[in-house]
Amino acid sequence: MFETSKSFLVIRICTILFIVIGIVLFLGSRHIGLVFLGAACVLWLIGEVLENGKKHLIEVLKSGFKTIRLPLAGIFLAFFIGGIFLLITGYQPLKSFGAMIYGGLVKNWHVSILNAVPLIFTALSITIAFKGGLFNIGAEGQYYVGTMAATWLGIRFDLPSLVAIPLIFIIAGGCGAAYNAIPAILKVKTGAHEVVTTMMFAYIARTISSLFIRFNGGDPTLSAHAYITDSISESTWLPTFKSFLPQANYRLHIGILIAVITALAVHHILHRTRLGFEIRAVGLNSFAARTQGIAVGRIILITMLLAGLLAAFAGVTQVLGLDHKMFENINAGYGWNGIAVALLAGTSSIAVVFCALFWGALDAGGQYMSRTLQTPTSIVEIVKGLILFLILARYLFRYFRRKA
Amino acid sequence: MRKLTVIFLLSIPAIALSGAGSKAVGTAVQERIIVGMATDANGLGDGSFNDGVYAGLKKAEDEGLIEIRLIEPASMTDYVPNLSGLAEDGAELIFAVGFLFYDALLEVAPNYPDTMFAGIDLFYDSPMPPSNVLGINWKEHESGYLAGVVAGLMTREYANRSDKLNDENVIGAVLGMDIPPVERYFVGFTEGAKSVNSDIEVLSVVTGTFTDQAKGKEATIALAEQGADIVIQFAGLTGMGIFTAAQEKNILVMGADVDQNHFAPEYTLTSAMKGTTQATYLTTLDFIDGNFKGGGNAVFGLAEDAVGLAPFHDFDFVVPSEVIDAVEQARSDIISGAVDIPQTRDDAGI
Amino acid sequence: MNVFIELLNAEFLIASVRLATPIILASIGATICDRSGIVNIGMEGMMLMGAFFAAWAAWKFANPWFGVLVGMLAGGLFALFHAWATVSLHLNHVVSGAVINILGFGITRYLLELFFGHPGTSEIIPHSLAEYRFAIPLLSRIPLLGPVLFNRTPIVYMMYVVVILFVWITRKTRLGLHIKAAGEHPIVLETLGISVKKIRYIAVILSGILCGLGGAYLSIENGNSFSEGMTAGRGFIALGANIAGGWTVVGSLIASFFFGMVDALALRIQVLGVFRVPSEIFLIFPYVAALLAVAGLVRKSRAPRALGEDFQIERSGT
């Protein structure tokens with residue numbers, strides 16, 4: 001008995017180690033990382049068999065297949081309908097979607113990951129609010145506050161990276177939280193609905209951001225690069241994978257690792273701490289929570305602050321990691337896409353990571369498809385909408401089963 | 001349920017097969033030069049530079065000279081991968097459209113030294129761009145100036161020539177956002193009006209959007225209520241609203257970028273044009289002939305006949321010959337350098 | 001101070017009516033939908049669909065009245081999708097609304113290329129509803145209010161009818177009572193033998209028709225063509241107006257009109273050029289106002305009790 005669990009422990013540690021090495025190598029454009037990931041999968045299977053026996057493993061795989069069956073069918077169906085749309089306009093659906101998959105997962109996979117990083121943060125922000133029974137529709141606004149704070153500090157900071165970067169994360173995150181504190185206080189004190197207040201705050205942040213850019217080097221009447229701020233100082237840039245793995249794509253930065261760690265932290269907070277329990281209790285039933293002696297107002301406030309902090313992190317990673325300056329990113333819609341990702345993930349903070357990667361891959365692949373085959377980009381939007389609908393409408397399949 | 005599944009599965013090969021008969025993609029003649037075009041986040045249909053550049057390329061494609069590869073980004077983070085992607089796909093000349101490409105172009109161009117890049121509405125002076133990047137600009141202030149001359153004269157001296165003009169010495173402008181081309185247009189327009197009518201009042205509204213027709217309309221009406229009888233738009237799709245506002249308030253309006261007379265022929269005096277299409281076409285021809293030179297900027301103005309005023313159409317008999325003479329005078333003064341038009345509000349002191 | 005006196009004239013009020021009309025229509029739609037217990041954040045998408053199809057029909061058949069009809073129909077059909085997803089498929093209401101918005105943007109852009117051959121804008125419609133502007137004989141003589149309210153274009157008048165109709169429906173009719181019950185105590189309603197499902201379907205489709213009408217106003221009455229994203233966030237503002245108005249028809253009307261007024265004011269102050277500040281300052285204006293309105297007015301109001309909650313009855317044997 002003791003023997004088994006000891007070897008099991010060793011295998012588990014090896015698995016985790018392999019996963020980490022595999023991911024880092026893969027992100028550094030070394031495809032041997034995939035071998036490590038494959039090995040990690042095999043090790044996990046062996047570990048499961050050793051610990052719980054074959055029967056249990058089959059059970060686990062079966063239930064895993066069951067949960068993944070409907071989403072897969074949904075994605076398939078969405079592409080199918082999208083294909084019909086393409087066919088009507090005279091494009092080849094198979095070739096187009098082939099290019100989309102190739103572009104998103106193989107050719108431009110680093111773009112998929114770059115797309116996913118801010119989405120993970122905004123989706124986490126929305127997820128934590130959902131858990132607390134709140135709907136943070138204004139993550140976009142907190143994102144802008146985060147970018148503004150990070151840019152402002154980045155331009156002015158002349159500190160070594162190890163001090164500057166964490167400091168910017170803390171201060172900018174704090175700004176995002178403080179910005180969301182106002183809707184939170186309004187909610188607690190006057191009952192003003194957070195959907196409206198955060199949405200209005202998002203609009204306000206967006207408008208302020210163009211003022212901010214104007215006063216930080218992007219004045220359209222003075223500079224050649226209007227609506228783009230000055231660059232932040234190089235010491236505040238997030239390290240890229242290229243700095244320690246030479247083959248890596250030069251744009252890929254460690255923001256993805258920070259995002260994954262944050263997702264794990266959020267999961268931990270929500271499921272392993274007293275605070276997380278209280279947030280979920282308030283989200284499930286605030287009256288019951290109150291009778292349990294939970295200070296509902298305080299929890300709402302904390303939830304909103306955390307949501308603001310996470311959404312601001314999205315902006316910070318984007319500025320420090322990728323853009324190194326701020327511009328008004330028209331059409332990016334990290335807030336809206338974050339909602340889509342959070343909903344796809346079914347408010348599980350771990351699933352958020354995978355769904356954000358999927359969403360990012362759809363965008364990157366869509367761009368690749370459109371570029372190489374000249375397929376209209378609107379088809380990607382339609383497919384995204386359909387995927388969202390078909391995956392979430394779990395009842396859809398039951399509905400048809402009953403009818404047929 | 002099973003029946004549905006079967007039908008569903010059966011239809012997949014049907015779709016795959018029928019795809020074979022549809023539009024042939026990627027079977028173009030190999031010898032043609034591939035020219036890439038990366039739009040800014042607004043994409044085609046902005047009624048402004050994106051559409052203009054595309055029309056220029058389309059013209060070259062229709063003549064069998066090139067093959068267009070178009071890409072519209074989902075957001076600004078796509079700019080860099082789109083440019084490098086087009087270069088990797090074998091595009092020999094790439095148009096990056098819009099001033100927001102400023103940094104993206106500087107980042108991508110050094111990685112693809114054999115590919116030429118043309119940045120529309122981009123002006124590089126410090127630092128100078130790499131040798132395969134050409135910034136292409138227009139002197140919007142020059143066409144704005146000419147429109148300003150027309151408006152400045154018509155609103156006071158010749159106000160009796162049309163029932164749509166009033167006695168007040170006021171004209172207006174609807175702006176989308178304070179971006180450099182809009183700024184140049186507006187400053188040129190103001191200076192032009194003041195050059196012939198020194199105490200004229202030029203009002204303006206910034207709507208903050210390039211897509212909201214209704215707001216463009218309200219802005220025009222608000223201008224008209226303050227006495228403006230000629231209103232010009234520099235606001236993309238938002239500017240569509242000025243044509244409906246003109247009908248409602250019975251005033252004259254001016255279009256921008258292209259001849260927009262067809263939107264409301266009875267109310268459109270003229271348009272301040274910017275020859276994006278022509279300049280793109282010429283740049284493409286230059287490239288084919290091997291005359292494309294990077295490392296600097298190409299600026300298209302009146303002297304190159306790349307900006308100017310649209311015909312007056314229905315207003316040919318309304319606009320007196322004195323106004324036409326004044327426009328011609330301004331045109332030759334600008335070309336000869338006798339008139340120097342400021343390009344920003346700070347320079348102009350407004 | 002003189003500046004503000006100069007601003008507050010009849011023309012300003014007329015501009016407010018023009019800007020408020022689509023918001024009023026959509027926010028009343030939101031009210032009806034929310035009162036039945038279904039959250040509707042998809043109004044932006046529904047308005048876009050309405051605007052697009054109205055412009056298409058008005059162009060295709062050269063008849064704006066046909067455009068109004070088709071626009072309302074398109075909004076209604078799109079709302080039917082929302083109703084089906086939320087009521088029959090038990091999909092999360094916010095999800096369905098988000099899907100509707102994404103699809104609204106995607107489909108209109110796609111169809112624009114398919115029907116008109118180019119993105120961006122549709123063709124100019126031959127006749128817009130603005131041509132049918134008429135003054136109501138006696139009422140338009142009332143000082144100040146007459147020209148502001150009773151010398152307008154058709155959809156504005158339709159909006160008045162809609163307001164009166166829906167005040168009447170919610171206050172006096174059985175249907176209104178049922179809609180409110182569906183949003184407050186659906187189980188009670190169901191035990192009375194009235195199908196919550198049916199009531200919610202009706203409410204959602206009504207809201208879609210109103211959104212479609214609001215969209216049609218933008219494309220074929222206030223404007224004369226469809227352009228991409230022309231609703232410019234009015235669906236979301238309407239959602240705000242509905243909540244600021246405390247989930248009542250009259251409240252929505254007042255809040256929407258207030259938003260229209262703030263919008264008109266922001267443009268007008270700029271024209272006067274009394275404050276020399278960056279233009280963005282004026283653009284923040286409407287949102288700050290909306291925020292203050294929500295924070296100040298919502299104090300006493302309360303959302304429908306079953307808003308956003310799924311309703312499901314398991315019947316045996318079916």
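Just so it is clear: chains get the letters A, B, ... in the order the sequence lines come, proteins before strands, and each one is counted from 1. As a basis for the values below, the full set of heavy atoms in this structure was taken, side chains included, without hydrogen atoms, waters or symmetry mates.
Take T284(B) and apply the side chain to side chain contact (heavy atoms under 4.5 Å, CB included) test, not counting sequence neighbours, and it matches V35(B), L57(B), A60(B), I66(B), F95(B), T280(B), I288(B).
The contact between N111(B) and chain A is made entirely by side chain atoms (from C-beta outward), counting heavy-atom distances below 4.5 Å. Only the side chain of Y250(A) comes within contact range of chain B, judged by heavy atoms closer than 4.5 Å. For a residue to count as touching a neighbouring chain, one of its non-hydrogen atoms must lie under 4.5 Å from one of that chain's; by this rule Q343(B) does not touch chain A. Both the backbone and the side chain of N82(B) have a heavy atom closer than 4.5 Å to some heavy atom of chain A.
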### Task
Evaluate the side chain to side chain donor-acceptor pair (under 3.5 Å) criterion for residues T209(B) and T211(B): first the C-alpha distance (whole Å), next the side-chain angles of each, then the deciding distance (0.1 Å), finally the verdict.
CA-CA 6 Å; T209(B) 154; T211(B) 56; 3.3 Å; yes

### Task
Given side-chain contact (heavy atoms from CB on, under 4.5 Å), test E92(B) with M116(B) step by step and report yes or no.
CA-CA 6 Å; E92(B) 296 175 46; M116(B) 296 296 160; over 6 Å; no

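Most heavy-atom pairs under 4.5 Å with chain B, from the set E381(A), R251(A), K107(A), H110(A): that is R251(A). In terms of non-hydrogen atom pairs under 4.5 Å with chain A, the most contact-rich of M177(B), E107(B), E88(B) is E107(B). Of the listed residues (I68(B), D78(B), L122(B)), the greatest number of heavy-atom pairs within a distance under 4.5 Å of chain A belongs to D78(B).
Note: F234(B) and F186(B) fail the aromatic proximity criterion, with ring centroids not under 6.0 Å apart.
For the residue pair Q318(A) and Y334(A), a side-chain donor N or O sits within less than 3.5 Å of a side-chain acceptor on the partner.
Salt bridge status for R32(B) with E67(B): absent, with no side-chain N to carboxylate O gap under 4.0 Å.
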